[in-house]
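In listed order, ligands and their atoms are each counted from 1.
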Amino acid sequence: MTLLEQIRQPIDTALRECRAYMRSRMTADDPFVQSMLDYVIDNMGKGVRPLLAILASRLHSSQPLGERTNLAAMLVEMIHTASLVHDDVIDESPMRRGNPSVNSRWGANSAVLCGDYILATAFDAGMTSGHYDIPTYIISAMRELCCGELVQNECNRTSTMSREVYLDIINKKTAVLLSTSAAVGAVAVGASEECVTRMAEFGTALGMAFQIKDDILDYDVDAQTGKPSCNDLREGKITLPLLDVLERAESSERERLMTLLKAARMDDDAVEQLRAEVVVRGGLQAAERLMDDYMARAREILTAYPASEVRRSLELLCDFVAARNH
Ligand code: FPP
Ligand code: MG
């Protein structure tokens, strides 16, 4: 059994029901739009956010999980899905999870509209369900995601970055939605405010570690991410491994590395040279150390709960995030 299968085991039935719920709500009358939607949903990936929402519901309730948890899980997954469809347009990325991105299949204009359609349909289902507190709880995560992406774009454009800004960006673009996923899972089953806050903190720590891992994997030419490697360098994006190296470099060295970063937008040799510098100068190890700190924080938060198979799944999810190569 793979680690992910082990994590999913205690909530297998709930996950199956959630997938069926998602399929039944994410529909289109138009066959072309439906085919796009099917393509995106068939390509959805690991489903970490719904997994987190359902585990958080299960951790706080022994009752059968119902529509509120399904709705919470669907909304966080659809925000994530739509954001990646838009992200691939912004990054002009040809691939997502080993398949052609929506923009490379149908063009950027249709990909933007497809992302919009996904969000509109998901929140339509959210509001017509009558469980207003769930979409209300989740919606601010979408603002943060957009804000994180906007600040990141501006940093790429101006080739600037600081540790404070980097941490703020990854919090907004990734950790907030994982935090929301865990917290809203608890909200869905009426958990106390204390538990909701605890789940939000767990999701934040896990999410920070998750994005740092993503940024490390971008440097790994052997990683099976289904995306081209060193994409960040090609986009002029300064993430933690390079940032750490820049912080420690003397000013003349820093200038040389920044010149390489500028060249990396068009020149594969510059990409490889910069990647090698980051590796040799210990940028990946430094990033791993910070990732481990966040992971330790996430694990510590879970110790507030008595041992159970659901708590075990959340602990294994931490292992999975730290060890993944995709
Ligand atoms: C992936 O980052 C992108 C995100 C985590 C967020 C993208 C957010 C937006 C495009 C804002 C719009 C939001 C909504 C809700 C439509 P990455 O480029 O570092 O990762 P990647 O390597 O997987 O592309
Ligand atoms: Mg991207």
Numbered atoms of ligand 1 (with element) below 4.0 Å of Lys237, judged on heavy atoms: 17 (P), 18 (O), 19 (O)

Distance filter under 4.0 Å to Ile90 heavy atoms, resulting ligand 1 atoms: 10 (C)

Near-ring test Tyr137/His131, centroid separation under 6.0 angstrom: no

Check: Asp88 N/O within less than 3.5 Å of ligand 1 N/O: no

Non-hydrogen atom of Asn231 closer than 4.0 Å to ligand 1: no

Contact atoms of ligand 1, heavy-atom distance to Cys146 under 4.0 Å: 11 (C), 12 (C), 13 (C)

Asp232 N/O to ligand 1 N/O under 3.5 Å: no

N/O separation below 3.5 Å, Gln152 to ligand 1: no

Residue pair Phe202, Cys318: steps toward the side chain to side chain contact (heavy atoms under 4.5 Å, CB included) verdict: CA-CA 10 Å; Phe202 170 74; Cys318 296; 3.9 Å; yes

Ser313 side chain vs Ile7 backbone, donor-acceptor pair below 3.5 Å: yes

Sub-3.5 Å N/O-N/O distance, Asp91 and ligand 1: yes

Sub-4.0 Å heavy-atom approach of Glu235 to ligand 1: no

Gln34 (side chain) donor-acceptor with Ala28 (main chain) under 3.5 angstrom: yes

Minimum non-hydrogen distance to atom 6 (C) of ligand 1, winning option of Arg97, Glu149, His86, Met142: Glu149

Any side-chain donor near an acceptor of the partner, Tyr166 and Asp215, under 3.5 Å: yes

Distance-only N or O hit between ligand 1 and Asp87, under 3.5 Å: yes

Ligand 1 contact by Gly115, heavy-atom criterion under 4.0 angstrom: no

Side chain, backbone, both or neither: the part of Glu144 lying under 4.0 Å from ligand 1 by heavy atom: neither

Ligand-side contact atoms (ligand 1) for residue partner Leu119, heavy atom cut-off under 4.0 Å: 16 (C)

Any donor-acceptor pair under 3.5 Å from Thr121 side chain to Tyr117 backbone: yes

Heavy-atom donor-acceptor pair, Arg49 side chain to Leu178 backbone, under 3.5 Å: no

NZ or CZ of Arg198 within 45° of Tyr305 ring axis and under 6.0 Å: yes

Closest non-hydrogen atom pair, Glu77 against Gly47: OE2-CA, 3.8 Å

